Amino acid sequence: MLMRAPENTEDLSRFLRHEPDGVTALDVVVKGAHCANCIAKIEGGVRALDGVETARLNLSTGKLHVSWQGKAVRPAAVIKRVQSMGYDAQPFDAPVVFAVEEQEGRELLRALAVAGFGTVFVMGLTDAVWYGGSDMSVGLRSVFFWLAAAVSVPLTLYASLPFFRSAWKSLSHGETNMDVPISLAIVLSLALSVYVTAVHGRDTYFDAAIMLAFLLLIGRYLDFRLRDRARGAARHLLALQSQLARRLRPDDTVETVAAGDLMPGDLVLLASGERASVDGVLASGGTDVDMSLVTGESEPVTMKDGALIRAGTIVVGAPVTMKATARVENSLVADLARLLEAGQQRRGLYVRLADRAARAYVPFVTGTSLVVFAGWMVAGASLAVAVTNAITVLIITCPCALGLAVPAVQIVATGRLFERGMFVKSGDALERLADVDTAVFDKTGTLTIGSPQLSNRD
């Protein structure tokens, strides 16, 4: 599913966030980034814009955070720059992002199912040739190969569409990414196999081509599921920002609006069991509230008229009216979501090392493949042998593990810690934690487990 940025730059104004220190921030959702090389390219390209101070891409959420001073940068220029590098981009809007992610997961799963079916079917056809050996005539062998081609070529091309789309977008903008050599290896494998079949050769790679797509799709889908699970913590916080609220009109009638439509000064009705979607103050009477999302303490707190209620707080006592003091994007919940993402975006030592190694992948591998092809041709090998060895280099040198394993561990760890009530503001804090040998706590009672236990049976 492709995403388009609004044509009118004024449409982007509602996505801007103005910080107290004069900094303007924009969050952009980026699709098509799958590796450390993509992160480095996108961040570097956006930072090259005049006026941009920071650009950080969170691979788990697909969110690119960009900030600048005042009005130094046009928001549309950021969107255009990301798109010029071959990636889909649009302002971050939680409901739209969730829908696009679900569509992406369904497409990957469909392609994986097609590749799996094709792998089993084609291997059944080609295995008959391998096991038949010299007992099979050239004509019968060609029949089996053409049957394998009829199944493998269309199914492999369909299953490989995620790689082809990504590679084409990158190449059409004069860039390269990890999917370029992958797509090249798949297409060359099919083309070589069709050529060998047409000249009645003995070795084809229809099964290898579709199996390659199948194995790569398994990795791509597992990566999607990993990122989807890691997004759980941030998704939970974003869901709190996109909930509905009951706003009190001046004529005392009640209207249901999205939390994003609430403005400072609006009166919001909060029933018992309802969660505040924005920061505000009590405007009528007092009540008991659950502030566990904010403080970690599950015991209800009694609040009186005029008390400050933070977004994410749940009313557990009498219904009250709250006067909003901030928009949803400036609420405590939004701050918590940004803190969580900052912890996932901050790169530790091992992540930075993996990033630098992954950047050299595409030029090194494609260059090596060309050298191998030229070397075999100079040595007097046939075209089929030279192409086969060049394809082998493209297939066996994939940096997915290098580029994804290290940041994936960091992302999952920060997400798991959030689920247990702990925020990680820096990714390298996890690395520093490994060197800690002593922990010192004060006596505030915050380390209790919250449930009484019998300590003496006498």
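Since the structure is predicted, the reported quantities are computational estimates derived from the model, not experimental observations. Residue numbers start at 1 and run along the sequence shown.
Here the CG atom belonging to Asp207 is positioned 11.5 Å from the CG atom belonging to Leu212, to the nearest 0.5 angstrom. The CG atom of Leu190 lies 7.5 Å from the OG atom of Ser160; values are rounded to the nearest 0.5 Å. Taking CH2 of Trp376 as the reference point, atom OG of Ser382 lies at 9.5 Å (rounded to 0.5 Å). Interatomic distance, OG1 of Thr126 versus CZ of Arg141, reported as 13.0 Å (0.5 Å rounding). Rounding to the nearest 0.5 Å gives a distance of 8.0 Å between CZ of Arg275 and CG of Asp290. Distance CG/Leu57 to OH/Tyr87: 9.0 Å, rounded to 0.5 Å.
Annotation: side chain to side chain contact (heavy atoms under 4.5 Å, CB included) contacts of Ala390 (sequence neighbours excluded): Ser369, Phe373. Arg246 is linked by a salt bridge (charged side-chain N to carboxylate O under 4.0 Å, His left out) to Glu274, counting only residues two or more places apart in sequence or in another chain. Partners of Ser142 according to the side chain to side chain donor-acceptor pair (under 3.5 Å) rule, which considers only residues two or more places apart in sequence or in another chain, are His200. Take Val143 and apply the side chain to side chain contact (heavy atoms under 4.5 Å, CB included) test, not counting sequence neighbours, and it matches Leu147. For Thr197, there are no side chain to side chain donor-acceptor pair (under 3.5 Å) partners at least two apart in sequence or on another chain. For Thr156, the side chain to side chain donor-acceptor pair (under 3.5 Å) test picks out Ser152, with sequence neighbours left out. In terms of the side chain to side chain donor-acceptor pair (under 3.5 Å) criterion, Arg81 has no residue partners (sequence neighbours excluded). By the side chain to side chain contact (heavy atoms under 4.5 Å, CB included) test, Leu217 is found to be paired with Leu108, Ala111, Leu112, Ala115, Ala159, Pro162, Phe163, residues two or more places apart in sequence or in another chain being considered. Residues meeting the side chain to side chain contact (heavy atoms under 4.5 Å, CB included) test with Leu140, sequence neighbours left out: Met136, Ser137, Phe144.
Looking at Pro91 and Asp27, their side chains never come closer than 4.5 Å, going by heavy atoms from C-beta outward. A heavy-atom distance below 4.5 Å is found between the side chains of His65 and Ser67. Contact of the Ile42 side chain with the Leu64 side chain is registered, since non-hydrogen atoms from C-beta on lie closer than 4.5 Å. Here the side chains of Gln90 and Val28 are not in contact, with every heavy-atom distance at 4.5 Å or above. Residues Val52 and Thr54 have side chains not in contact (no heavy-atom distance under 4.5 Å, counting atoms from C-beta outward). Side-chain contact between Phe206 and Val194 is present, with heavy atoms from C-beta onward closer than 4.5 Å. By the 4.5 Å heavy-atom criterion applied to side chains, Ile182 and Leu216 are counted as neighbours. Put simply, the side chain of Phe164 reaches to within 4.5 Å of the side chain of Leu157, judged on heavy atoms.
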(message) Could you walk me through whether Tyr205 and Thr388 satisfy the side chain to side chain contact (heavy atoms under 4.5 Å, CB included) test, starting with their C-alpha distance in whole Å, then the side-chain angles of each, then the deciding distance to 0.1 Å, before giving a yes or no?
(response) CA-CA 9 Å; Tyr205 304 97; Thr388 299; 3.6 Å; yes

(message) Applying salt bridge (charged side-chain N to carboxylate O under 4.0 Å, His left out) to Lys31 and Glu104, what does each step give before you reach the verdict?
(response) CA-CA 10 Å; Lys31 305 301 294 183; Glu104 179 188 1; 2.8 Å; yes

(request) Given side chain to side chain contact (heavy atoms under 4.5 Å, CB included), test Asp88 with Val30 step by step and report yes or no. (result) CA-CA 6 Å; Asp88 289 323; Val30 179; over 6 Å; no

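Only one option out of Val122, Val120, Thr119 pairs with Met211 in a side-chain contact (heavy atoms from CB on, under 4.5 Å); it is Thr119.
When all heavy atoms are compared, the tightest approach of Ala213 to Ile186 is CB-CD1, 4.3 Å. Summarising the geometry of Ala324 relative to Val278, their closest heavy-atom pair is CB-CG2, 3.9 Å, with the distance given to 0.1 Å. The heavy-atom pair separating Ala55 from Val46 by the smallest distance is CB-CG1, 3.9 Å. Arg247 and Val257 get closest at one heavy-atom pair: NH2-CG1, 3.5 Å. The two residues Ile391 and Ser189 have their closest heavy-atom pair at CG2-OG, 3.4 Å. Heavy-atom minimum distance, Arg110 versus Tyr158: CD-OH, 3.1 Å.
For Asp279 (side chain) and Thr325 (main-chain N/O), no donor-acceptor pair under 3.5 Å exists by modelled atom type. The main-chain N or O of Ile309 is never found under 3.5 Å from a side-chain atom of Thr313 such that the two would form a donor-acceptor pair. Panel note: side chain Asn389, backbone Ala386; no donor-acceptor pair is recorded below 3.5 Å. Side-chain atoms of Ser193 do not come within 3.5 Å of backbone N or O of Thr204 as any donor-acceptor pair. Side-chain N or O atoms of Gln69 include none that pairs as donor or acceptor with a backbone N or O of Thr24 at under 3.5 Å.
Within a 6.0 Å sphere centred on CZ of Phe121, heavy atoms belonging to other residues, nucleotides or ligands number 12 at most.
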